[in-house]
2 protein chains.
Amino acid sequence: MLSNTEENYLKALLKITLLNENEQVGTNELAKHLNVKPATANDMLKKLKEKSFVEYEKYGKINLTDEGKTKAIYIVRKHRLWETFLYEKLDFSWDEVHEVAEQLEHIQSTKLIDKLDKYLNFPLFDPHGDPIPNTKGEFLSIYKKKLSDVEIGQSCKMVAVRDNSSSFLQYVVKLGLGLNNQIKVISKQDFDGTIEIEVEEKKSFVSTKFAENLFVI
Amino acid sequence: MLSNTEENYLKALLKITLLNENEQVGTNELAKHLNVKPATANDMLKKLKEKSFVEYEKYGKINLTDEGKTKAIYIVRKHRLWETFLYEKLDFSWDEVHEVAEQLEHIQSTKLIDKLDKYLNFPLFDPHGDPIPNTKGEFLSIYKKKLSDVEIGQSCKMVAVRDNSSSFLQYVVKLGLGLNNQIKVISKQDFDGTIEIEVEEKKSFVSTKFAENLFVI
DNA sequence: AAAATTTGTTAGTCTTGCCTAACTTTTATA
DNA sequence: TATAAAAGTTAGGCAAGACTAACAAATTTT
Ligand SMILES: [Mn+2]
Ligand SMILES: [Mn+2]
Ligand SMILES: [Mn+2]
Ligand SMILES: [Mn+2]
């Protein structure tokens, strides 16, 4: 049985791996994600290696083992199912669900998660557009194209958010944006890269940082 | 902010107090309830005293302070709301809910509990017939009359169970018993106190220990 | 009232998960 | 390629929550 802390390390490793694409995960980056010091992350890596959830040698590469990855995906499954529950059934807004799900994801009961999944009608995506792994750990592929990648004059559809923080999500709402919205890129400023977009007749300017956190197709 | 462990100690103190009626709570009894050694319970009592959740002096009486009691009741509220959710919405059986609720009761989010309460339509009792405290910490009084107190020839209604263990609850079901059932006491054996009862035309024999764990009115 | 038993307390130790400070290895830069 | 910077590691320490062993106080039994 894994502790909450161990689960959080595995989840962070998976997240960084998927986000970094090809890049290697480092002790410092892992520590930053978990709000701990590198020394602490290093201790835990040894422990997780000992339990064979990660592979790594001193000063070497860090990788989840198959077992570690399976555990991590299961935690993501629980997290996203709980987010969906909070959003769909309890009427939470999409910027409130993440924090509570961070706690709920550690509840240990396979039966609970299976029943929750069924109760929610086997959802494929959470309120942020992220795919929910099924019982086997399979999930639809993650989007890679960002709003910042869209050419001037082109239109796209918003399918997910990369940043899950309240501050970002509330800003998204304020701009009149939401999942499945059609977004047209009107122009980009040479000066600082600011992007002008149009959503449902309404035009706005957004920063490149903002545009890098919206996934589109 | 209280840790899960601290919350469990407060909850145990409340439970023992309510169960013992007038009796005083002791270190040993508290320890037994929490499956720890008396030395461990003693350490925690000092800590909870320091934080003014309990009153006590060395070798003296243990009592929850008002603050401690409020915290404890809130945990009970969360526990019973979750049990009700699992039973009503997720289709758990009444002998499965307790274990999972032991975990869920520690989730920290007032908003979550209020919304859950509303979602369940402000239930007054959990699946075991125990009263659910409201936001103010008020709850209907606990039943005191047990099946073992019922006279021969008298009838009563089962309103709650005292023991929440799977083994007990499954046995209750096996005997064809459930909340709100009418139970008639037919006879009691002089030899070992075994009680003969009748429920919906069906007669059965139950031990005194069993009868002490069924609350009736 | 003395002895025996039960109940409660203390001291010292362990593990987990975190920290700081100092050090080593790797990588980037001049 | 030598040096500086960044990344990673180790040693030692701390708090929480548990344990055992030894001891002290309170209660019960004789
Ligand atoms: Mn989330
Ligand atoms: Mn999400
Ligand atoms: Mn329960
Ligand atoms: Mn209950």
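Chain identifiers are assigned alphabetically (A, B, ...) following the order of the sequence lines, protein sequences preceding nucleic acid strands; residue numbering begins at 1 within each chain. What you see is a predicted model, and the numbers here were worked out from it, not measured in a lab.
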Residue B:Y59, side-chain heavy atoms: nucleotide from C:dT9, C:dT25, C:dC19 that is nearest: C:dT9
Salt bridge (charged side-chain N to carboxylate O under 4.0 Å, His left out) partners of B:K46, counting only residues at least two apart: none
Rounded distance (Å) that lies between atom P of C:dT16 and atom CD of A:E7: 16 Å
Listing time: all N or O pairs from protein to nucleotides 10-13 of chain D that are below 3.5 Å?
from   : atom 1 : to    : atom 2 : distance (Å)
D:dT10 : OP1    : A:K58 : NZ     : 3.1
D:dT10 : OP2    : A:K46 : NZ     : 3.0

A:T27 side-chain N/O to D:dA7 phosphate OP1/OP2 under 4.0 Å: no
Which residue lies more 5' along DNA chain C, comparing A:K61 with A:K37 via nearest heavy atoms: A:K37
Side chains of A:S187 and A:E196, donor plus acceptor under 3.5 Å: yes
B:Y171 and B:F210 aromatic ring geometry - parallel, tilted or perpendicular at 30°/60° bounds: perpendicular
Under the side-chain contact (heavy atoms from CB on, under 4.5 Å) test, residues paired with B:N8 that sit two or more places apart: B:K11, B:L34, B:E105, B:H106
Length of the CD-P vector between B:E57 and D:dA25, whole Å: 16 Å
Spacing of B:M44 atom CE relative to C:dT9 atom P, expressed in whole Å: 15 Å
Among D:dC19, C:dT24, D:dA18, the nucleotide that comes nearest once only the side chain of B:T5 is considered: D:dA18
d(CG, A:N28; C1', C:dT25) in whole Å: 13 Å
Residues 116-133 of chain A, side-chain donor-acceptor partners within the protein, below 3.5 Å, at least two apart:
from   : atom 1 : to     : atom 2 : distance (Å)
A:D117 : OD2    : A:R77  : NH1    : 3.2
A:D117 : OD2    : A:R77  : NH2    : 3.1
A:Y119 : OH     : B:Y119 : OH     : 2.5
A:D126 : OD1    : A:H128 : N      : 2.6
A:D126 : OD1    : A:G129 : N      : 3.2
A:D126 : OD1    : A:D130 : N      : 3.1
A:H128 : ND1    : A:E83  : OE1    : 3.1
A:H128 : NE2    : A:W94  : O      : 2.9

N/O (side chain, A:Y9) to phosphate O (OP1/OP2, C:dT16) under 4.0 Å: no
Atom-pair distance (CD1 on A:I16; C1' on D:dA7), nearest Å: 14 Å
Atom pair distance, as rounded to whole Å: NZ in A:K32 and P in C:dC19: 14 Å
Counterpart residues, salt bridge (charged side-chain N to carboxylate O under 4.0 Å, His left out), relative to A:K115 (two or more places apart): none
Whole-Å gap separating C1' (C:dC18) and CG (A:L30): 14 Å
Interatomic distance where CG belongs to B:N8 and P belongs to D:dA16 [whole Å]: 17 Å
Residue list, side-chain contact (heavy atoms from CB on, under 4.5 Å) with B:D192, at least two apart or on another chain: B:Q189, B:T194
